[in-house]
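The structure appears right after this line, and notes come after that.
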Amino acid sequence: MRVTTETERIAVLTLSSEIVRAAGAFLRDEGFLEILPVLLSPITDPLHHETYAGSVDFYGAPYQLMKSMIFHKQIALRTVPRIFCFSPNVRMEPPERAALGRYLAEFVQLDLEVRDASRDDVLALGEGLVVAVLKAVGERCPDELARLGRNLKIPSAPFVRIRYADAADRFGEPFDDALSASIDAPVWVIDFPRRVREFYDREDPGRPDVLLDMDLIYPEGYGEALSGGEREHELPRILDRLRRDGIPRERVSAYLTYVEKGVPRSAGFGIGVERLTRYVAGLDRIEDARLFPKIPGDTRAI
Ligand code: ASP
Ligand code: MG
């Protein structure tokens, strides 16, 4: 649906607020500490896909608006073992992406990271988080769901897992939309090939070019929910990945300084809050999931 009335808008904002509350409560119960977000840094997620640079002149030094806190999460784990953050990110996607209805150029992701965790650990955590949030929304916001005509199904864990290569065989590439339209409960895509992901996703030591990472895909055509995985954390492996992925090491030198001092083994993920709100509320377009949306290419936004 599209939001056209103030009553519907209030219902969506109430769902979004409950999502944030329930997710934070779930993670605190799981022993996580919430850290405050970083907005500007010399290091941020290089991302695999193209976005315009969000550069800022920081007292003469080239800083960037955060695309994700991936490196800060790894560095934070030197201090605290389980962290999460509601992290505002700016990814100036090409304007033609706006038509897809699932991209905002400014969005918030719930970004988390766990020291000494495996991918299996964070898959289970992601399932617990999604189920807990959907249950909380169902119990605490039935009137808002009814107002939006949304009949939300609570999935049960564990979610189905599909290997990237198998999904690509079945649907072709990219397959998010076709896969999402074909399922009626969230599904994990695992084992992305190195060529489509970032250098920080850990390569399986036993399977060259296969990563120990994942995406969660919403059902009903809502597409990607979250991305994450195990991380590269050892300096020689990171330098090797930078070389093979064609990324100059100077671009992430501030990060490498911490890797030299030691960042722990970890796994984690980031789940988009507006995309989760869109799914929960059953919205056609992501700009209806928040106030002050920045649609890619639309310079009328405030
Ligand atoms: N935050 C994500 C992660 O933890 C990456 C992303 O933002 O796409 O892997
Ligand atoms: Mg992603």
Side-chain angles (χ1 to χ4, degrees), residues 23 27 32 34-35 37-39 41 43-51 54 64-77 82-93 97 100 102-115 117-119 121-123 125-126 129-130 164 167 173-177 179-180 186-203 211-218 222-233 238 241 245 252 255 263-276 278-279 286:
L27 291 172
F32 282 76
E34 180 173 9
I35 64 169
V38 173
L39 295 184
S41 175
I43 43 165
T44 190
D45 198 324
L47 298 178
H48 187 268
H49 65 280
E50 210 46 59
T51 57
Q64 297 170 69
L65 295 166
M66 299 305 292
K67 296 193 177 103
S68 93
M69 275 179 59
I70 177 63
F71 303 132
H72 295 79
K73 291 196 299 180
Q74 284 187 285
I75 295 164
L77 292 190
R82 296 157 87 78
I83 51 113
F84 73 96
C85 183
F86 287 100
S87 171
N89 291 173
V90 174
R91 298 183 185 178
M92 286 183 259
E93 307 279 350
R97 295 235 165 95
L100 299 170
R102 57 170 190 274
Y103 287 98
L104 288 176
E106 178 189 68
F107 66 98
V108 176
Q109 68 172 320
L110 169 52
D111 221 354
L112 61 84
E113 198 71 18
V114 186
R115 196 192 281 168
S118 67
R119 179 175 63 184
D121 294 334
V122 290
L123 286 176
L125 183 78
L129 174 68
V130 168
Y164 184 99
E173 281 177 276
F175 51 74
D176 278 19
D177 290 333
L179 171 60
S180 179
V187 162
W188 294 110
V189 178
I190 59 167
D191 291 354
F192 284 68
R194 182 175 62 84
R195 68 182 159 81
V196 300
R197 295 291 262 216
E198 294 80 17
F199 75 88
Y200 53 75
D201 280 2
R202 186 169 174 81
E203 189 172 21
L211 306 179
L212 293 168
D213 61 359
M214 74 283 185
D215 269 9
L216 183 70
I217 306 295
Y218 290 126
Y222 288 100
E224 179 190 328
L226 69 77
S227 298
E230 286 183 32
R231 313 304 185 182
E232 297 291 358
H233 62 282
I238 291 174
R241 283 292 291 284
D245 288 2
V252 289
Y255 166 61
V263 296
R265 171 179 176 247
S266 71
F269 60 76
I271 180 165
V273 174
E274 292 90 340
R275 286 182 173 180
L276 179 50
R278 177 182 177 227
Y279 170 60
I286 194 153

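Being a predicted model, the structure only gives us computed values, none of them experimental. As the structure lists them, so they are numbered: ligands from 1, and atoms in each ligand from 1. Just so you know, residue 1 is the first one in the sequence shown, and it goes up from there.
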Phe86 and Phe107 aromatic centres sub-6.0 Å:
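Between Phe86 and Phe107, the centre distance exceeds or equals 6.0 Å.
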
Is there any N or O on Asp111 that sits under 3.5 Å from an N or O of ligand 1?
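Checking ligand 1 against Asp111, an N or O pair does fall under 3.5 Å apart.
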
Can [X] and [Y] be counted as an ion pair, charged N to O under 4.0 angstrom?
X: Arg202; Y: Asp213; answer: no
X: Lys67; Y: Glu93; answer: no
X: Arg197; Y: Asp215; answer: yes
X: Asp176; Y: Arg102; answer: no

Look at atom 8 (O) of ligand 1 and find which of Arg91, Gln109, Glu198 reaches it with the closest heavy atom.
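When every heavy atom of Arg91, Gln109, Glu198 is considered, Arg91 comes closest to atom 8 (O) of ligand 1.
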
Within the structure, is a non-hydrogen atom of Arg231 found at a distance of less than 4.0 Å from ligand 1?
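Arg231: in contact with ligand 1 (<4.0 Å).
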
Determine whether any heavy atom of Lys73 lies closer than 4.0 Å to an atom of ligand 1.
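Yes; Lys73 lies near enough to ligand 1 that a heavy-atom distance drops under 4.0 Å.
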
Just which atoms of ligand 1 are under 4.0 Å from any heavy atom in Gly270?
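Every atom of ligand 1 under 4.0 Å from some heavy atom of Gly270: 1 (N), 2 (C), 3 (C), 4 (O).
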
Can you name the atoms of ligand 1, numbered from 1 with element, that are less than 4.0 Å from a heavy atom of Tyr200?
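It comes down to these atoms of ligand 1: 5 (C).
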
Just need the protein heavy atom nearest to atom 2 (C) of ligand 1, so name the residue and atom and give the distance.
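The answer is Ser227 O, 3.7 Å.
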
I'd like to know if the side chain of Gln74 pairs up with that of Tyr255 as donor and acceptor (distance under 3.5 Å, no hydrogens or angles considered).
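There is such a pair between these side chains.
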
Please report, to 10°, the angle around the Mg ion (ligand 2) from atom OE2 (Glu224) across to atom OG (Ser227).
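The angle at the Mg ion (ligand 2) comes to 80°, rounded to the nearest 10°.
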
